[in-house]
Protein chains: 2
Amino acid sequence: MNEHLTTSIQDYLKTIYTLTADGGEASTSALASRLGVAPASVTGMLQKLASIEPPLVIYRKHQGATLTRAGERAALEVLRHHRLLETYLVESLGYSWDAVHEEACRLEHVISEDFEQRIAEQLGHPERDPHGSLIPTSTLVMPPSNDVLLSSLRGGESAVVRRMRSEDAITLRRLESLGLVPGAEVTVLVNSQFDGNLTIQVASRQPVAIDPAVSDQVFVETTEGT
Amino acid sequence: MNEHLTTSIQDYLKTIYTLTADGGEASTSALASRLGVAPASVTGMLQKLASIEPPLVIYRKHQGATLTRAGERAALEVLRHHRLLETYLVESLGYSWDAVHEEACRLEHVISEDFEQRIAEQLGHPERDPHGSLIPTSTLVMPPSNDVLLSSLRGGESAVVRRMRSEDAITLRRLESLGLVPGAEVTVLVNSQFDGNLTIQVASRQPVAIDPAVSDQVFVETTEGT
DNA sequence: AAAATTATTTAGGCATTCCTAATTTTTTGC
DNA sequence: GCAAAAAATTAGGAATGCCTAAATAATTTT
Ligand SMILES: [Mn+2]
Ligand SMILES: [Mn+2]
Ligand SMILES: [Mn+2]
Ligand SMILES: [Mn+2]
């Protein structure tokens, strides 16, 4: 299959994967801003990824890109590395969850399959990374998920925090200070349709008001029952 | 100081360091063969390393290269990463000593100083890597050493195995099968001046004959006393 | 000491990946 | 539906790090 994909290509594929997770296409500008490169650079790379053999993306001029099956497998491989590494850094090396992203971003491209297997085993084949993101299996299958944004809950609904959208350190520290970490129980007391502000109660803490800047960063799974 | 050195530059510096460890200059061809590139590529890189600010090597046309103080510091930084990583892979992830080199060679360029510190601490600030090579300190000082080649011992001399010259998997497995691992006690029963063959006894094993292909790979420290 | 061999350097190029500036296409707002 | 704005593409170029082939320098042989 694919001899070896460059770090740059792996980053493009990973980013296309996450941008198309909800079904659309990844636009040139979205990719450019996520990857920190100029839009012109993205166009050039997409053209290349679409014309190599086998093609890794399907690229429609002015429309955007999606992954082929080969591209998706490569993306899942990198994503598995990234998320296993983040978990390993937290569990075995004592990193905090807001410090692992950059380190994993560099390591993900250079670890061997042997390394991947060893840390997966040592961690007991975890299903999620420290931010709650699902880790693709060793056979490169992304486990199913049915989490929804905290901001989509109606007043009175309860849920369990599953994952954070962002890997940004400042955002993560803010969420943590609110108790919004994977596994936490949260109840929406009020969801104001006007401004999108929520009043929530996390675990048995005092109720707090949060705005969409927060509630759009947190994915939850609604709790069964009445 | 140096913003960021590329992987390629780090490899050049590391290789120049080891080639000049015994005082000479690193030649173009020696570098080319160690790095697996064409001699012309080495010349180009040496010219560049000598003319950047601050210069990392001193390069004399047709003579070879040595490291400047800045180049040496950069080399020791990479070497510390490499050797700490090898130690970590063996101690914490169960790698065998003949499998760590390639993994460390890729990881050494991307780990952060934070990562370095964490594994150093977890390992108890080891002095040597799995092959017995000395690990530069966190202040980038290479500890002193007075080991000599096993092949230089005279008949009747005893010594402790300190380090292996090679990181090659096949060589390491051969040495291990002879019991020639760091810490092992070895006595030279006969050192034939003619062909360089030795008869040695490792620990309490049966004496065996080894040729220079083996005895030139092992550094030892001669034992005090009569 | 000249010739032959070996080592090194120079010259010219190629692949990657990024950039800016100019142009074209698509979308938006009236 | 058309003009303005936004998004995307093309064109041309720079930096890295490698290559081969040709030229030159150093070393070894005879
Ligand atoms: Mn993998
Ligand atoms: Mn994560
Ligand atoms: Mn370091
Ligand atoms: Mn080693």
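Chain naming here is simple, since letters A, B, ... match the order of the sequence lines and numbering starts at 1 in each.
Across all strands, B:Ser8 comes closer than 4.0 Å only to sugar-phosphate atoms, never to a base (heavy-atom distances). Among the protein residues, B:Thr28 comes within range of the sugar-phosphate backbone only, with heavy atoms under 4.0 Å from sugar or phosphate atoms but none that close to a base. Residue B:Thr43 is classed as a base contact, given a heavy-atom separation below 4.0 Å to a base.
B:Arg60 places its CZ atom 15 Å from the C1' atom of D:dA25, with the value rounded to the nearest Å. Atom-to-atom, OH of A:Tyr12 to P of C:dT17 comes out at 9 Å; the value is rounded to the nearest Å. Between A:Gln47 atom CD and D:dA8 atom P the separation is 13 Å, expressed in whole Å. The nearest whole Å value for the distance from the CG atom in B:Leu46 to the P atom in C:dT9 is 7 Å. Taking atom NZ of residue B:Lys61 and atom P of nucleotide D:dA23, one finds them 17 Å apart after rounding to whole Å. In this structure, the CG atom of B:Leu49 is 9 Å from the P atom of D:dG17, given to the nearest Å. Here the C1' atom of nucleotide C:dT17 and the CD1 atom of A:Ile9 are 10 Å apart, to the nearest Å. Counting to the nearest Å, the C1' atom of D:dC18 and the NZ atom of B:Lys48 are 11 Å from each other.
With respect to A:Met45, the side chain to side chain contact (heavy atoms under 4.5 Å, CB included) criterion is satisfied by exactly one of A:Ile9, A:Asp11, A:Leu35: A:Ile9. Looking at B:Arg80, B:Lys14, B:Gln10 one by one, the single match for side chain to side chain donor-acceptor pair (under 3.5 Å) with B:Glu108 turns out to be B:Lys14.
Both A:His62 and A:Gly36 lie near DNA chain C, and the one whose nearest nucleotide falls closer to the 5' end is A:Gly36. Toward the 5′ end of DNA chain C lies the nearest nucleotide of A:Pro39, the other residue of the pair A:Gln63 and A:Pro39 mapping further downstream.
Not one N or O on the side chain of A:Arg73 forms a donor-acceptor pair closer than 3.5 Å with the backbone of A:Leu140.
Taking only side-chain atoms of A:Val37, from C-beta outward, the nucleotide of C:dC18, D:dG17, D:dA21 with the closest atom is C:dC18. When distances run from any side-chain atom of B:Ala38 to the nucleotides D:dT20, D:dT10, D:dA7, the shortest one goes to D:dT20. Taking only side-chain atoms of A:Met45, from C-beta outward, the nucleotide of C:dT17, C:dC19, D:dT10 with the closest atom is C:dT17. Of the candidates C:dT8, D:dT10, D:dA7, the closest approach to any side-chain atom of A:Ser29 belongs to D:dA7.
When Watson-Crick and G-U wobble pairs are counted only if both distances are under 3.5 Å, D:dA23 pairs with C:dT8.
With B:Phe219 as the aromatic partner, B:Arg162 does not meet the cation-pi criteria of under 6.0 angstrom to the ring centre and within 45 degrees of the ring axis.
Under 4.0 Å is where a charged nitrogen must lie from a carboxylate oxygen, and between A:Glu86 and A:Arg83 no such pair does.
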